[in-house]
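To start, the structure under review is shown below, and the notes come after it.
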Protein chains: 2
Amino acid sequence: MTNLLKNKKISETPFRKEVLAIFGRYNNAIPLSIVEKELKEYNRITLYRTIKIFLEKGIIHEITISGEESNYAVCQEECNTDAHHHQHIHFKCKKCEIIYCVEINKFPSIALPNYKIEQLEIQATGLCQSCNV
Amino acid sequence: MTNLLKNKKISETPFRKEVLAIFGRYNNAIPLSIVEKELKEYNRITLYRTIKIFLEKGIIHEITISGEESNYAVCQEECNTDAHHHQHIHFKCKKCEIIYCVEINKFPSIALPNYKIEQLEIQATGLCQSCNV
DNA sequence: TTTTTAAGTGCAACAATGTTGCAATAAATA
DNA sequence: TATTTATTGCAACATTGTTGCACTTAAAAA
């Protein structure tokens, strides 16, 4: 995790390390508001820029669910700006409201006549492991 | 289309009819900016409230793709606030950048151990019928 | 290790987007 | 047509995101 910034060729600053550490403490996607709560003090603008560059460099990816605050999670594999290669679905639990990136081995394939599908993103809602009892 | 507002039990005002007519003229999802362009003159607040109530009543649904303006499209089937029952995927063409709701007959099913999946939303990117030549 | 260069940060100011209370107005109902 | 209920528009505000510029820090070169 520490050398992730170097790997992606961006400067390793205390603030960026701190933000990255916050993502590391969660095993689910988190919104900006949680990042802000975890930071003792921070500069709003710098945080925006940090999130922006993390997205650009493929360090984190964004999960947008209609009508909700954007969520962010660390990328698992080799991602970059143009292509995020995730073999997972974004699962939002209706009860605890947490958004998880759930790994899936047999990713569904879809064919549409005359369309050329290059990428798929799947968002699911329901009950997560903890709430499905 | 005209009695859609009555069906959903909301008042049938000139403005709402006009907004609905704009959606009717497109066979793809459109962002707020296009609705605004098509309206000669309008009140920003009223438009927000109109979109909001259309969403709540299941007249339109929202399509959010990371890092992009929200898009809206008329619901095809019986939808309401809590449940949007679409048998379609949201397809964004990389070339023309238009977002389509593409009907699909065999909607994929996904099973995740210990999770209870209630709804699936699928977003695809690639080339649409027109651009895939 | 020190110097140089390049990149990141913080401030001020701004731009865009979305919301609320309230009075005026229009639509639905009786 | 009269009454009730919902919608609209204004003003004002709240939130979210952006930009230019000076200052500071990190990375690279000497």
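In what follows, chains are A, B, ... by sequence order, proteins preceding strands, each numbered from 1.
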Distance in angstrom units between [X] [atom1] and [N] [atom2], rounded:
X     : N      : atom1 : atom2 : result
A/E62 : D/dG17 : CD    : P     : 9 Å
A/I53 : C/dA7  : CD1   : P     : 10 Å
A/K17 : D/dT25 : NZ    : P     : 15 Å
B/E68 : C/dA16 : CD    : C1'   : 18 Å
A/L47 : D/dT18 : CG    : C1'   : 14 Å
A/K57 : C/dA7  : NZ    : P     : 10 Å
A/K6  : D/dA26 : NZ    : P     : 12 Å
A/F15 : C/dA7  : CZ    : P     : 20 Å

Working to the nearest 0.5 angstrom, can you tell me the gap between A/F23 CZ and A/E38 CD?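 These two atoms lie 10.5 Å from each other.
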Let me confirm one number: the SG-CD distance from A/C131 to A/E97, rounded to the nearest 0.5 Å.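 CD of A/E97 is found 10.0 Å from SG of A/C131.
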Check whether any side-chain heavy atom of A/Y26 sits under 4.5 Å from a side-chain heavy atom of A/I34, and report yes or no.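 Sidechains of A/I34 and A/Y26: in contact.
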Do B/I98 and B/C128 have side-chain heavy atoms sitting under 4.5 Å apart?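 B/I98 does not reach B/C128 side chain to side chain.
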Looking only at N and O atoms, is any donor in the side chain of A/R49 or the base of D/dG17 less than 3.5 Å from an acceptor on the other one?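 Answer is no: no donor-acceptor pair is held.
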What I want to check is whether an N or O donor and acceptor connect the side chain of B/R44 with the base of C/dG18 at under 3.5 Å.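 By the distance-only test, yes, there is a pair.
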Need one value for B/R16: base, sugar-phosphate or nothing, where a base atom within 4.0 Å counts as base even if backbone is also close, heavy atoms only.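 Touches sugar-phosphate only.
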Is the ring pair A/F91/B/Y115 parallel, tilted or perpendicular, if the boundaries are 30 and 60 degrees?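 Rings of A/F91 and B/Y115: perpendicular, as their planes differ by over 60°.
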When the nearest nucleotide of DNA chain C is assigned to B/S11 and to A/Y42 on a heavy-atom basis, which residue is associated with the more 5' position?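 Result: A/Y42.
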Given that B/P14 and B/L32 both sit by DNA chain C, which one's nearest nucleotide is further toward the 5' end?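 Of the two residues, B/L32 wins.
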Nearest-nucleotide comparison on DNA chain D, the residue closer to the 5′ end among B/N43 and A/T13: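 It is B/N43, whose closest nucleotide lies nearer the 5' terminus.
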